[in-house]
Amino acid sequence: MTLQIYNTPYKKKHPFNPLNGNNVGMYVCGVTVYDMCHIGHARSLIVFDVIARFLRRKGYKLTYVRNFTDVDDKIIARANSLGKPYNEISERYIDEFITDMDILKVRPADIEPKATEHISQIIEMVRMLEDKGLAYAADDGSVYFSVSGFRGYGKLSGRRIEDMIAGTRFDVEEAKHDPLDFAIWKRSKEGEPSWDSPWSKGRPGWHIECSAMSTHYLGHTLDIHGGGRDLIFPHHENETAQSEGAFGSEFVRYWIHNGFVTIGGDKMSKSLGNFLTIRDLTKEVHPEVLRLLLLSRHYRSPIDFSKEAVSSSQQALVRFYEMLDRIRKSPLKDGDSVLAGIMTAFDEHLDEAMCDDFNTAKAIAHLHDLTTRVNKVLDDNPCVSPEDKTSVSKSVADISDILGILEEDPSPFLEMIKRSGISEMGLTQTEIEKLIDQRNAARKARDFTKADEIRDTLKSRGIVLKDTPEGTSWEKG
RNA sequence: GGCGGCAUAGCCAAGUGGUAAGGCGACGGUCUGCAAAACCGUUAUUCACCGGUUCAAAUCCGGUUGCCGCCUCCA
């Protein structure tokens with residue numbers, strides 16, 4: 001199956017053809033490390049994690065680069081407000097980021113460069129742009145990129161220069177020749193972090209670091225460049241202008257942008273105060289539930305975050321794990337495989353879905369379908385062959401490898417889910433089990449009135465019972 | 001003001017020219033002492049609205065309405 005990727009500037013899916021055979025270079029804009037990451041960040045990180053995982057599965061030799069912006073106005077502002085050096089802030093939040101990625105099972109990128117460790121590449125690029133007449137040093141020692149000198153500005157975001165000028169809403173800094181020009185080197189004020197440069201003691205502009213680091217590690221043309229939708233303009237537009245301006249070659253072959261996480265339909269943001277951090281959320285919600293939730297919509301669509309969405313994803317995940325648990329516990333028998341056909345079809349469907357612009361929503365639908373089919377087979381005949389167990393674990397390993405879910409051992413996972421939160425219901429496990437014993441004694445004595453009474457009592461406190469041939473089990477309702 | 005995106009059942013959601021995936025919920029059934037779980041069946045003659053193109057449109061084009069985003073830092 002050929003991989004098709006939706007390319008932002010063309011607004012269409014195209015077959016994926018890397019520049020250098022099997023080698024693929026992918027650069028994704030990471031985070032600015034001045035605060036804890038929220039689930040909007042989580043979505044982007046998880047989406048590109050899955051894309052990286054899938055590209056590798058397809059046999060591409062991937063070099064995945066994801067940066068840290070570790071010097072910037074927000075970091076400086078944060079540091080000043082706390083009276084700390086800026087790098088104490090950036091280092092702390094890099095550590096927090098790594099912890100979050102660990103929790104979310106987002107695999108590390110191959111290279112995770114920091115802007116502050118690539119100042120020389122940045123300065124070199126600014127110099128190249130200046131030499132080519134695409135940048136100019138202003139009197140104050142800052143250097144600006146000259147948008148009017150670069151043909152093709154606006155091609156990524158689909159904007160025309162004239163429209164943008166008409167729409168300028170903000171006061172233009174006096175040092176700029178043109179309102180659209182943007183700083184690629186900013187002179188630092190007293191007390192701000194700075195590096196020596198031919199122009200001033202200063203620091204990189206926002207966009208230049210990504211141009212410098214991506215091309216430094218992946219060459220002048222990247223196969224894939226990704227990030228959140230909000231980065232299309234101006235960040236990626238400006239990156240393109242700088243990189244193509246400096247090197248004279250195509251900067252990016254495939255632009256991939258993920259949609260937002262919204263809350264009540266609005267974009268999550270600091271100013272609206274409606275953001276949820278990964279750390280807080282994963283205290284309550286299993287990381288796989290969060291992954292499943294964030295992957296259950298196509299990566300380009302917005303996804304609205306809510307308690308209901310979380311519980312529905314948890315319900316789905318539990319359904320998958322229960323099916324796996326059944327398989328694991330089902331007795332062995334000799335004879336033909338009864339699941340081989342189902343699993344083969346699933347493997348094909350999974351590949352097909354992922355090849356269609358990383359359609360994880362469709363992949364998950366196939367997983368639901370698989371669950372129904374397997375449950376049906378087990379309903380008809382609870383015994384499976386050793387071969388069946390193997391083929392199921394192989395397909396599950398594929399799912400885990402691509403989506404990063406179903407990596408837990410089913411029984412302990414299900415136990416953990418059903419235990420979580422029972423103390424808030426004012427119950428202990430011992431109490432529940434004691435009541436179950438009483439009920440089963442009543443059932444044995446055929447005192448169903450009493451048995452049902454006990455069951456109803458538990459139900460009213462949020463515990464649902466399940467009678468099976470192996471005994472009575474319970475879970476949160 | 002400029003630019004862009006989205007609108008699919010009660011809810012979530014896939015589907016970009018060939019006659020509406022999947023999940024949740026609801027209802028009916030099998031199973032069960034009764035339930036729960038699982039499975040089976042039913043649940044959109046129709047894809048915001050109005051026109052157009054086509055043998056054929058949720059899918060393409062034009063218009064209308066509504067929601068969202070970007071244009072300032074943003075995943």
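Fair warning: this is a prediction, and the values are worked out from it, not measured in the lab. Letters A, B, ... mirror the listed sequences (proteins, then strands); counts begin at 1.
- Among the atoms of the strands shown, none is found under 4.0 Å from any heavy atom of A/Lys459.
- For B/rA14, neither phosphate oxygen OP1 nor OP2 lies less than 4.0 angstrom from any side-chain nitrogen or oxygen of A/Asn359.
- Using a 4.0 Å heavy-atom criterion, one finds that A/Val28 contacts no nucleic acid atom at all.
- Across all strands shown, B/rA56 remains unpaired; no Watson-Crick or G-U wobble contact has both distances below 3.5 Å.
- The side chain of A/Phe448 has B/rG33 as its nearest neighbour among B/rG33, B/rG4, B/rA75.
- Taking 3.5 Å as the limit, the base of B/rC34 and the side chain of A/Asp467 contain a donor-acceptor pair of atoms between them.
- The residue A/Arg373 sits apart from the nucleic acid: no heavy atom pair falls under 4.0 Å.
- Taking only side-chain nitrogens and oxygens, A/Lys267 never comes nearer than 4.0 Å to OP1 or OP2 of B/rA75.
- One C1' atom belongs to B/rC60, the other to B/rU43, and the distance between them is 32 Å to the nearest Å.
- Nucleotide B/rU19 has no partner under the Watson-Crick or G-U criteria, as no pair reaches both atom distances under 3.5 Å.
- Taking the ring centre of A/Tyr144 as origin, the terminal cationic atom of A/Lys176 falls outside the region bounded by 6.0 Å and 45° from the ring axis.
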Practice task
For the pair A/Glu322 and A/Lys329, evaluate salt bridge (charged side-chain N to carboxylate O under 4.0 Å, His left out) and give the outcome as yes or no after the intermediate values.
Solution key: CA-CA 10 Å; A/Glu322 277 179 339; A/Lys329 289 178 176 158; over 6 Å; no
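- When Watson-Crick and G-U wobble pairs are counted only if both distances are under 3.5 Å, B/rG4 pairs with B/rC68.
- A cation-pi contact links A/Arg300 to A/Tyr6, judged by a cut-off of 6.0 Å to the six-membered ring centre and 45° from its axis.
- Each of A/Phe233 and A/Asp380 has a nearest nucleotide on RNA chain B; the 5'-most of these lies closest to A/Asp380.
- Remark: the A/Gln242 side chain and the A/Ser211 side chain contain an N/O donor-acceptor pair separated by less than 3.5 Å.
- For A/Arg443, taking side-chain heavy atoms from C-beta onward, the closest of the listed nucleotides B/rC39, B/rG33, B/rA75 is B/rG33.
- With sequence neighbours left out, the side-chain contact (heavy atoms from CB on, under 4.5 Å) criterion links A/Asp347 to A/Lys394, A/Ser395, A/Asp398.
- Heavy-atom distances to RNA chain B give each of A/Thr371 and A/Val31 a nearest nucleotide, and the one nearer the 5′ end belongs to A/Thr371.
- Among the nucleotides B/rA38, B/rG33, B/rC70, the one closest to any side-chain atom of A/Asp452 is B/rG33.
- Here the C1' atom of nucleotide B/rA14 and the CG atom of A/Leu292 are 15 Å apart, to the nearest Å.
- Spacing between B/rU46 and B/rA57 at atom C1', rounded to whole Å, works out to 12 Å.
- Looking at heavy-atom distances under 4.0 Å, A/Leu465 makes contact with a base.
- Heavy atoms of A/Met323 sit nowhere under 4.0 angstrom from any nucleic acid atom.
- Using C1' as the reference atom, B/rA21 and B/rA14 are 6 Å apart when rounded to the nearest Å.
- Counting to the nearest Å, the P atom of B/rU16 and the OH atom of A/Tyr6 are 12 Å from each other.
- B/rU54 and B/rG17 have their C1' atoms separated by 9 Å, with the value rounded to a whole Å.
- At a threshold of 4.0 angstrom between heavy atoms, the contacts of A/Gly30 are confined to the sugar-phosphate backbone, with no base atom among them.
- Between A/Lys444 atom NZ and B/rC34 atom P there is a gap of 19 Å when expressed in whole angstrom units.
- Atom-to-atom, CG of A/Leu435 to P of B/rA36 comes out at 20 Å; the value is rounded to the nearest Å.
- Contact annotation for A/Phe260: base contact, defined as any heavy-atom pair under 4.0 Å involving a base atom.
- In this structure, the CG atom of A/Asn440 is 17 Å from the P atom of B/rA35, given to the nearest Å.
- Nucleic acid contact class of A/His235 (heavy atoms, under 4.0 Å, all strands): none.
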Practice task
For the pair A/Glu88 and A/Arg92, evaluate salt bridge (charged side-chain N to carboxylate O under 4.0 Å, His left out) and give the outcome as yes or no after the intermediate values.
Solution key: CA-CA 6 Å; A/Glu88 195 172 307; A/Arg92 179 193 158 189; over 6 Å; no
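- When both pairing distances are held under 3.5 Å, B/rG33 makes no Watson-Crick or G-U pair with any nucleotide shown.
- Here the P atom of nucleotide B/rA35 and the NZ atom of A/Lys466 are 17 Å apart, to the nearest Å.
- B/rA13 and B/rU8 have their C1' atoms separated by 9 Å, with the value rounded to a whole Å.
- Considering only side-chain atoms of A/Lys376, the nucleotide from B/rC40, B/rA75, B/rG4 that sits closest is B/rC40.
- Within the 4.0 Å cut-off from OP1 or OP2 of B/rA14, at least one side-chain nitrogen or oxygen of A/Arg297 is found.
- Comparing B/rC61 with B/rU53, their P atoms are spaced 15 Å from each other, to the whole Å.
- One can place CD of A/Glu470 at 19 Å from P of B/rA36, the figure rounded to the nearest angstrom.
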Taking only nitrogen or oxygen atoms into account, show me every contact under 3.5 Å that the protein makes with nucleotides 17-26 of chain B, one pair per line with its distance.
| residue | atom | partner | partner atom | Å |
| --- | --- | --- | --- | --- |
| B/rC24 | O3' | A/Gln315 | OE1 | 2.9 |

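- For the ring-ring contact (aromatic ring centres under 6.0 Å, His included) test with A/Trp255, the passing option among A/His236, A/His14, A/His235 is A/His236; the others fail.
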Practice task
Evaluate the criterion side chain to side chain contact (heavy atoms under 4.5 Å, CB included) for residue pair A/Phe346 and A/Val374; output intermediate values, then yes/no.
Solution key: CA-CA 11 Å; A/Phe346 172 73; A/Val374 170; over 6 Å; no
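- Across all strands shown, A/Arg455 has heavy atoms under 4.0 Å from base atoms, whether or not it also approaches the sugar-phosphate.
- Under the 6.0 Å cut-off for aromatic ring centres, A/Tyr93 and A/Tyr34 do not qualify, their centroids lying 6.0 Å or more apart.
- Spacing between atom NZ of A/Lys450 and atom P of B/rG33 amounts to 20 Å, rounded to whole angstrom units.
- In this structure, A/Lys12 reaches neither bases nor backbone, as no heavy-atom distance under 4.0 Å exists between it and the strands shown.
- For B/rU43, the paired base is B/rG25 (Watson-Crick or G-U wobble, both distances below 3.5 Å).
- When the P atom is compared between B/rC24 and B/rU59, the two are found 29 Å apart, to the nearest whole Å.
- Annotation: B/rA56 and B/rG18 have their P atoms spaced 15 Å apart (nearest Å).
- Using a 4.0 Å heavy-atom distance criterion, A/Gly227 is classed as a sugar-phosphate-only contact.
- For the side-chain hydrogen bond (donor to acceptor under 3.5 Å, both in side chains) with A/Asp49, the lone residue among A/Arg107, A/Arg291, A/Lys105, A/Arg66 that qualifies is A/Arg291.
- Within the 3.5 Å criterion, the main-chain N or O of A/Ser142 finds a donor-acceptor partner in the side chain of A/Asp140.
- With B/rA38, B/rA75, B/rA36 as the choices, the nucleotide that has an atom nearest any side-chain atom of A/Asn375 turns out to be B/rA38.
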